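Just so it is clear, the structure is predicted and the values come from calculations on it, not from any experiment. Start at 1 with the first residue, then count along the sequence. Values below: all heavy atoms of this structure, side chains included; hydrogens, waters and symmetry mates excluded.
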Amino acid sequence: MQAKARDDLSKLFTAELAKAGIATSAIVTYATPRRLTLIARDLPLETAAVSEETKGPKTSAPPQALEGFLRKTGLTREQLVDRNGTLFAVTEKPGRATAAVLAEAIPAIVRAFPWPKSMRWGDASASTESLRWVRPLQGIVALLGEEIVPFEIAGIASGAATLGHRFHHPYQITIGGAHDYVEKLRACHVIVDHDERATLIRDHAREAAMQAGLELIEDEGLVAENAGLTEWPIPLLGQFDPAFLDVPPEVIQLTARVNQKYFVCRDADGKLANAFVCTANIAAHDGGAKIVEGNRKVLAARLSDAKFFYDTDLKVPLEEQAEKLSKIVFHEKLGTLADKVDRVAKLARWLVEEGIVTSAPSPLWGEGWGEGLPSSATPGTAPHPNPLPAGEREQLATHAERAARLAKADLVTGMVGEFPELQGLMGGYYAAAQGEHPAVATAIRDHYKPVGQGDDVPTDPVTVAVSLADKLDTLFSFFSVGLYPTGSKDPFALRRAMLGVIATILKSKLRFPFTKIARTQYNLPDRPLAWFLDFLDERLKVQQREAGVRHDLIDAVFALGGEDDLVRLLARVHALQAFVITEDGANLLAGYKRAANILKKEAPSAPSPPRGEGRGEGLPSSAAPGTAPHPDPLPAGEREQETLSYTPEPAETALMTALDSAEPRATAAIAREDFAAAMAALASLRAPIDAFFDSVIVNDSDPAKRSARLALLERVRAAVHNVADFSKIEG
């Protein structure tokens, strides 16, 4: 609230002075728990005269309109200015003393201040018209130069006096002006600059830990919070009973941070130490010994509660805790949490059994992909969908199902009830302590990841299976009942869930059949499935734009439709991105656009591959979206030449021959997912296309020639569209 208040004060002050024609230059704001300050430099002593215009009715408007405008402005008809048939009221405002402007502006700012939370106080609070402020307003310092700007707000008169530190100097200080404000308060144990207090807390806390042979666990949020709670911060190190270290370190850190605003430390081995750093707001005579002891007692009470929750939770097996989930509603249309857990467990097992999640990622040929393939492997060919022996596969599936059935059990524990932030984490600790397999405990701990941008993305196969199953169940379930994000509204965090799914799939390079899962595991109807796939496209585009991929290249590949394998889709995008910046890529793009422009004018476009409903159905696993084997085994160029009623020109024949060679090579490369090779094949069309346009007239007066040449350009466009829709590419 303090940081926002500083920004709001600056904006409101600038806006109020602008109304009087005063431009502000350098503005500095400060905030402490007890004061909010703005210093504006280089203000004039007087405002300049300003001329204001108000647009009125047309000269031909009815008399009633003119009369209303005159009443509004207080002018007569003769005082209005006629400009091209429109009347204007022009008023000259003389210059004013800046002090008078400030005397009106500051009360307006205070009364309109947008505190997120505010209060009324005293006898005046009986009226809803009384002043609202974040805490009872005690005093106002308002100086222009060295002179007081006189005004009153809710019975509080402005002046030049303020108070120092609540304990070190609870007396009045007279401020001489902006030049001595900061240093006078510093002399009275008040540091008004938030950044300076934050630096002091950060440095002194580190030093206190270092002197004890420890390392401070950095926490910038806690630094900012303590800087906002103190005016004279003094970090002090204390210690708590080492017996509390039996509690998971995250619990200790969260207890200290959330409840008490304390930092914690680690020892030389990197383990949590039984030490904390609190931030006092006073320089105590005893060096802070009593402050530390008081804080130690409060922390001990908090940690005792945490240890009680932990010990009590450990006594109840997670399997028994999970039975309570049947009493918690997940959503009125989707049943209980127990129902969700059952769906997630079945899906997690299925993902492993189908070979979608395995102990190793599926390679894809091309830059950054397929590393570690044996030398005999064919570029772009994925290994067997599940290379694991049946026994190992069954064990992996069993672990995934077990982890999924226990993953939500910690939601009903005492510890997570006290600290919801620890969900998943505590389940992992309880699972490990109760003898569950390490892979199961890890999956329980990490199945919510990634929670947001920058969060760790799981790679352990059991965790991946449970994490994906959990997020996909949420997505498919809500889409199945028509509850999906609209506009800025996303009450069930489905955008975050989808981004988590995308990040996990791409991290492990999983060949993920969304359409198959939606149909076989959730019986998702065509319409919700189309919505889901469009939503997937939208989130993937967002993710790739943030990763630095050009939006037009993403659109060019996405426009093909029929694709729900993200790894294959993005391999195509990345290959396209590498290709278009080459000379061949730029020239092929230019030739394609020339062909496409002619076709747009002279011939109807070919239908686009389907998007949304029915996408990805019926494609062989190696087929690219939108491609199909040619029904005629005769090479296209030979077929064209056989049916032509005229002798083609050399450049025309050369382009047919180039297409005869490039098309099958590109198609074969796409089939084996070698998209760089597919684009290299298309690059061979560059010279023949240029030569064709240089020497062949497409729009020939002979209808047979015109038709054949348009068909040839259609072949060029179709060949390029097997890789990407180049019409979407800019440049």
Side-chain angles (χ1 to χ4, degrees), residues 537 541 544-545 549-563 569 572-609 611 624-627 636-637 640 648-663 665-667 669-670 675-700 705-731:
D537 282 1
K541 287 179 182 178
Q544 286 297 295
R545 287 190 193 112
V549 178
R550 280 172 44 181
H551 69 89
D552 58 328
L553 302 184
I554 299 172
D555 291 340
V557 172
F558 277 51
L560 296 177
E563 179 68 278
L569 190 151
R572 193 186 291 251
V573 170
H574 296 151
L576 180 62
Q577 181 161 264
F579 178 64
V580 295
I581 61 175
T582 65
E583 184 180 357
D584 281 345
N587 288 328
L588 179 63
L589 176 61
Y592 163 86
K593 292 206 168 185
R594 190 170 175 182
N597 287 336
I598 292 173
L599 289 169
K600 187 177 180 181
K601 293 177 182 176
E602 304 295 339
S605 298
S608 299
R611 282 180 52 79
T627 62
E640 287 169 358
E649 296 185 23
E652 199 171 349
T653 301
L655 181 55
M656 293 178 195
T657 303
L659 278 166
D660 289 343
S661 172
E663 280 181 313
R665 286 190 290 124
T667 301
I670 290 170
F675 301 114
M679 291 176 195
L682 292 179
S684 67
L685 298 174
R686 166 194 166 185
I689 290 174
D690 290 344
F692 177 83
F693 283 125
D694 287 343
S695 60
V696 177
I697 299 173
V698 176
N699 196 14
D700 197 277
K705 291 182 179 181
R706 177 181 176 276
S707 177
R709 289 165 184 173
L710 287 174
L712 186 57
L713 293 183
E714 180 58 51
R715 276 189 68 195
V716 171
R717 180 167 66 180
V720 172
H721 276 201
N722 278 337
V723 173
D725 184 348
F726 273 44
S727 67
K728 304 288 185 183
I729 301 176
E730 297 174 357

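Smallest separation of non-hydrogen atoms from Lys728 and Ala559: CE-CB, 3.9 Å. Contact between Glu663 and Ala719 at its shortest, heavy atoms only, is CG-CB, 3.9 Å. Shown here for Val723 and Ala678, the closest heavy-atom pair between the two residues is CG2-CB, 4.1 Å. Residues Leu588 and Ile689 come closest through the heavy atom pair CD1-CD1, 4.0 Å. The shortest non-hydrogen separation linking Ile554 to Gln544 is CD1-CB, 3.4 Å. Minimum heavy-atom separation, Ala651 to Val696: CB-CG2, 3.9 Å.
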Self-check item: Step-by-step side chain to side chain contact (heavy atoms under 4.5 Å, CB included) determination, Phe693 to Leu655
Solution: CA-CA 10 Å; Phe693 283 125; Leu655 181 55; over 6 Å; no

Quiz item: Under the side chain to side chain contact (heavy atoms under 4.5 Å, CB included) criterion, do Leu589 and Phe579 qualify, and how do the steps go?
Solution: CA-CA 10 Å; Leu589 176 61; Phe579 178 64; over 6 Å; no

Self-check item: Worked check of side chain to side chain contact (heavy atoms under 4.5 Å, CB included) between Arg572 and Ile670
Solution: CA-CA 9 Å; Arg572 193 186 291 251; Ile670 290 170; 3.9 Å; yes

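Val549 is listed as a side-chain neighbour of His574, based on a closest heavy-atom distance under 4.5 Å. Between Arg550 and Ile729, the closest side-chain pair of non-hydrogen atoms falls below 4.5 Å. A 4.5 Å side-chain heavy-atom check between Asn699 and Ile598 finds every atom pair outside the cut-off. Considering only heavy atoms from C-beta on, Phe675 stays 4.5 Å or farther from Val573 through its side chain. Contact annotation: the side chain of Asp555 approaches that of Lys541 to within less than 4.5 Å [non-hydrogen atoms, C-beta and beyond]. Contact check for Leu713 versus Phe692: side-chain heavy atoms found under the 4.5 Å cut-off.
At distances below 3.5 Å, at least one donor-acceptor pair connects side-chain atoms of Arg709 with backbone N or O atoms of Ile697. At least one donor-acceptor pair closer than 3.5 Å links the side chain of Asp552 to the backbone N or O of Glu730. Remark: the backbone N or O of Lys593 is paired with a side-chain donor or acceptor of Asn597 at under 3.5 angstrom.
Under 4.0 Å is where a charged nitrogen must lie from a carboxylate oxygen, and between Arg715 and Asp660 at least one such pair does.
For the atom pair CG (Leu553) and CZ (Phe558), the distance works out to 11.5 Å, reported to the nearest 0.5 Å.
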